[in-house]
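Chain identifiers are assigned alphabetically (A, B, ...) following the order of the sequence lines, protein sequences preceding nucleic acid strands; residue numbering begins at 1 within each chain.
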Amino acid sequence: MRPAASRLPPATCDQPPATCDQRPATRGRRITTSANRRRLHPHRRRRAPTNVDPHPQSTITNPQFPPSAILPPMTQPLRVRMAPSPTGDLHVGGARTALFNYLMARRAGGSFVLRVEDTDALRSDPAKEAGIYDGLRWLGLHWDEGPDIGGPYGPYRQSERGEVYREAVGALLDSGQAYYDYTTAEERAAERERQRAQGQTQRYSGMGRRFSAADIARRQAAGVVPAVRFRSESRSVSFHDVVLGSITVGPDDVDDFVIARGDGSALYNLAVTVDDHYMRISHVVRGRDHVSNTFRQVLLYQALGWPPPVFAHLPLVVDLRRQKFSKRDGAQWVGAYRTQGYLPEAMLNFLIFLGWAPGDEREIFSVDELTAEFRLERVNRADAVFDVQRLDYFNGVWIRRLDVDDLAARARPYAARGGLTVAPDQHEYFAAGLALEQERLSHLSQTADLMDFFFDDALQPDMRQVRFRRHDPAAAAAALRRVAELVRTVDPFDDPTLEAAMRALAAELGWKAGDLFMPVRVAVTGRRATPPLFATMAVLGRQRCQERLRRALASLAECSAP
RNA sequence: GGGGCAUUCGUCUAGCGGCCAAGGACACCGCCCUCUCAAGGCGGAGAUCGCGGGUUCGAAUCCCGCAUGCCCUACCA
């Protein structure tokens, strides 16, 4: 049984105003597209009057656009989707797209759908699907419907939706808007080669449409398995894009594209269109690399008699070379950032600025704040370079914002991976030390490196790290003996008491405070860069400090001996 | 080759015809704070707004052309 809609004649261009805004290509010369955009939507960058939107939470309204730009009507719930193909882990660009979609859904009280686009059985890897879930979950970008949790419009995996696609392809075939193409790959390659040699546009000519019944019979007999192509009539196609404005393509720019393979399986453009329609997607928000496909999809919507969704194409997230991330970069997978110790909050805060800005000078945003603030209309058009230094900055900010317990809980796995053994009864000790390192931590993966001295009970301080400028090792040894005595007796063994006592000692010795503190620092921590000394000693505790001071004295004896 | 889109400090961005000899942030440099390292504060350097025309009393903002870049151009998504 085919959907009734598929029985309709080919859609002409007179229904939904925003969706079918084809205008004769003959009208005037071709104008610059950006000029075109501004002419049609001169106010797209203008801020919305605050009192225009009567149903801000529950409907899709956008006072900045002519009503025709907004579909579906205000009574329809907002539904957005993220449609990754399981050919890899979650990509940073994909994460950014997911974030934008997620924000829209949350703001409007709509639904965020996750759909897995695995129509390419060869390249799709079911195992990768889990990686995408992991990445999305880690970022906290939860979906309302998806392959794993189901939903009213499933299944949500394209490989399970073959029947739906077959119906649509059948409808298109029945109405003559699609045809079986019996050309061979060799013939098509030859055609392209011929075109290229003659300096012509490389484009499928639709030669498969012109075979006679006898030709087809011969090819069938020869074992040619036909693909199904969409019959793309020569006319200009255009659509309105919330980010890009109206874009148009000429009558000869969309060729007869394949919608189903010889084996009957659907191809991307068909599958996407069918799914977005049946899943009632209201807004398609995706990367700009899909704009050319959008023309094909718009054609399919028209042919099937369906109202298209609102389209919004996001600028690309590119690498330092200003190109799409490639496999070689390695820096493209979200999981890599997770293992490097980035916080999801930081990643999201960083990602949102790739193509969007609030319009004022704030820049630290939580997802909740973003939900209230994000507007598709403020999205940029220029591609954005993924600058990891800026990500690092956001990471530091968000690490410092965490309360210590939360930070400790998140840092523990990194500490373990870094080889730091924290005994079960050392939870509080770990957290106390971490509190001191918090503002020194730019990545959670540094936890072990920064904190190992807290846990190394065999620590052998190397006193040669101390640069003795005003005092020699022997004098330092004498001073350290006084410190050891002080450490043994000072009470309470806390930050202010230790500091007062140590400053008094320095004064008594006639040393500058810093000259005394550095040898002590190296003695009790084994390193020159640490959190503030007395807070650190207080966390280490009297015993560890005494023990380490003893070893430091030994080290000093060695380095002053010939 | 064809089509689409884009172009403000190295990077992310603000900018909506006069408030811009262009603001913020990252990175960089310096100073301050300071027991080291950070964090923080203050300051510096850094963009003839891709280029060329035009409209206007006035253009980063509007118009036209050019250049460059990116994306698409598969029985990939």
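Electrostatic pairing of A:Arg390 and A:Glu363 counts as a salt bridge here, judged by a charged N lying under 4.0 Å from a carboxylate O. Using a cutoff of 4.0 Å between basic side-chain nitrogens and carboxylate oxygens, A:Arg161 and A:Asp275 are scored as salt-bridged. The pair A:Glu193-A:Arg196 meets the salt-bridge criterion, since a charged nitrogen lies less than 4.0 angstrom from a carboxylate oxygen. Ion pair A:Glu345/A:Arg401 not flagged as a salt bridge, since none of the NZ, NE, NH1 or NH2 atoms sits closer than 4.0 Å to an Asp/Glu carboxylate oxygen.
Residue order along RNA chain B, read from the 5' end via each residue's closest nucleotide, puts A:Leu354 first among A:Leu354 and A:Leu533. Residue-to-nucleotide proximity on RNA chain B shows that, of A:Glu117 and A:Asp383, the 5′-proximal contact is made by A:Asp383.
In the set B:U73, B:G24, B:C35, B:G24 carries the atom at the smallest distance from any side-chain atom of A:Glu363. For A:Leu316, counting side-chain heavy atoms from C-beta on, the closest listed nucleotide (B:A14, B:C71, B:G3) is B:C71. Side-chain atoms of A:Leu267 lie closest to B:C75 of the nucleotides B:C75, B:U13, B:C35. Each of B:C71, B:G15, B:C35 was ranked by its minimum atom distance to the side chain of A:Pro532; first place goes to B:C35. In the set B:G1, B:C76, B:U13, B:C76 carries the atom at the smallest distance from any side-chain atom of A:Arg123. In this structure, the nucleotide among B:A77, B:G4, B:U7 sitting nearest to the side chain of A:Thr119 is B:A77. Among the nucleotides B:C5, B:G1, B:C35, the one closest to the side chain of A:Ile247 is B:C5. Counting only heavy atoms from C-beta on, A:Arg440 has its side chain closest to B:C37 among B:C37, B:U7, B:G40.
The C1' atoms of B:A59 and B:C20 are separated by 11 Å, rounded to the nearest whole Å. Separation of the P atoms belonging to B:G44 and B:G2 is 50 Å when rounded to the nearest angstrom. A gap of 14 Å separates the P atoms of B:C70 and B:U11, to the nearest Å. Rounded to a whole angstrom, the distance from the C1' atom of B:C5 to that of B:C32 is 48 Å. If you take atom P in B:C29 and the same atom in B:C19, they sit 35 Å apart, rounded to whole Å. Of the C1' atoms belonging to B:G24 and B:G15, the separation is 12 Å, rounded to the nearest Å.
For the pair A:Leu351 CG and B:U11 P, the computed distance is 19 Å after rounding to whole Å. Look at CG on A:Asn380: it is 11 Å from C1' on B:U8, rounded to the nearest Å. Atom NE2 in A:His290 sits about 15 Å away from atom C1' in B:U73, given to the nearest Å. B:C72 atom C1' lies 11 Å from atom NE2 of A:His313, rounded to whole Å. In this entry the distance linking CZ of A:Arg286 with C1' of B:C71 reads 13 Å, nearest Å. As rounded to whole Å, 15 Å separates atom C1' of B:C37 from atom CG of A:Asp449. In this structure, the CG atom of A:Leu434 is 21 Å from the P atom of B:C37, given to the nearest Å. Rounded to a whole Å, the CD atom of A:Glu193 is 16 Å from the C1' atom of B:A74.
The CZ atom of A:Phe239 sits 3.5 Å away from atom CD1 of A:Ile247, with the distance rounded to the nearest 0.5 Å.
Between A:Arg503 and the phosphate of B:C35, there is a side-chain N or O to OP1/OP2 separation shorter than 4.0 Å. Proximity of A:Ser124 to the phosphate of B:A77: no side-chain N or O atom is located under 4.0 Å from OP1 or OP2. The phosphate of B:U11 (OP1 or OP2) has no side-chain N or O of A:Arg321 nearer than 4.0 angstrom. At the phosphate of B:C75, OP1 or OP2 sits under 4.0 Å from a side-chain N or O atom of A:Arg229. Distances shorter than 4.0 Å separate some side-chain N or O of A:Arg261 from OP1 or OP2 on B:A77. The shortest distance between the side-chain N/O atoms of A:Gln323 and the OP1/OP2 oxygens of B:C70 is below 4.0 Å. Under 4.0 angstrom from either OP1 or OP2 of B:C35 there lies no side-chain N or O belonging to A:Arg528.
Not a single donor-acceptor contact under 3.5 angstrom links the side-chain atoms of A:Asn269 to the base of B:A77. Residue side chain A:Arg381 does not reach the base of B:C5 through any donor-acceptor N/O pair under 3.5 Å, judged by distance alone. Under 3.5 Å, the side chain of A:Arg288 and the base of B:C71 form no donor-acceptor pair of N or O atoms. The base of B:C70 is not paired with the side chain of A:Arg322 by any donor and acceptor separated by under 3.5 Å.
Residues A:Phe365 and A:Pro358 have side chains in contact (heavy-atom distance under 4.5 Å, counting atoms from C-beta outward). By the 4.5 Å heavy-atom criterion applied to side chains, A:Asn293 and A:Asn269 are counted as neighbours. Counting heavy atoms from C-beta on, the side chains of A:Pro531 and A:Glu437 come closer than 4.5 Å. Counting heavy atoms from C-beta outward, A:Asp289 and A:Lys324 have side chains that approach closer than 4.5 Å. Side-chain contact between A:Tyr133 and A:Pro147 is present, with at least one heavy-atom pair separated by less than 4.5 Å.
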Exercise. Taking protein heavy atoms under 4.0 Å as touching, what does nucleotides 27-32 of chain B look like 5' to 3' if B marks base contact, S marks sugar-phosphate-only contact and - marks none?
Worked result: S-----
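When both pairing distances are held under 3.5 Å, B:C31 makes a Watson-Crick or G-U pair with B:G41. Under the Watson-Crick and G-U wobble criteria, each requiring two contacts below 3.5 Å, nucleotide B:G58 is left unpaired. Partner assigned to B:C49 is none, using Watson-Crick or G-U wobble distances below 3.5 angstrom. In this entry B:C26 has B:G10 as its Watson-Crick or G-U wobble partner, both defining distances falling under 3.5 Å. Partner assigned to B:C70 is B:G4, using Watson-Crick or G-U wobble distances below 3.5 angstrom. Across all strands shown, B:C16 has no partner, as no Watson-Crick or G-U wobble contact with both distances under 3.5 Å is found.
For the pair A:Arg96 and A:Phe100, the cation sits on the ring face: its NZ or CZ lies under 6.0 Å from the ring centre, inside 45° of the axis. Geometrically, A:Arg229 engages A:Tyr204 in a cation-pi contact, judged by NZ or CZ lying under 6.0 Å from the ring centre and within 45° of the ring axis.
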Filtered N/O pairs between nucleotides 19-23 of chain B and protein, under 3.5 Å:
residue : atom : partner  : partner atom : Å
B:G23   : O2'  : A:Glu361 : OE2          : 2.9

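The stretch residues 521-540 of chain A participates, sequence neighbours left out, in these ring-ring contact (aromatic ring centres under 6.0 Å, His included) pairs: A:Phe517-A:Phe534.
Checked against a 6.0 Å centroid threshold, the rings of A:Phe311 and A:His240 do not count as neighbours.
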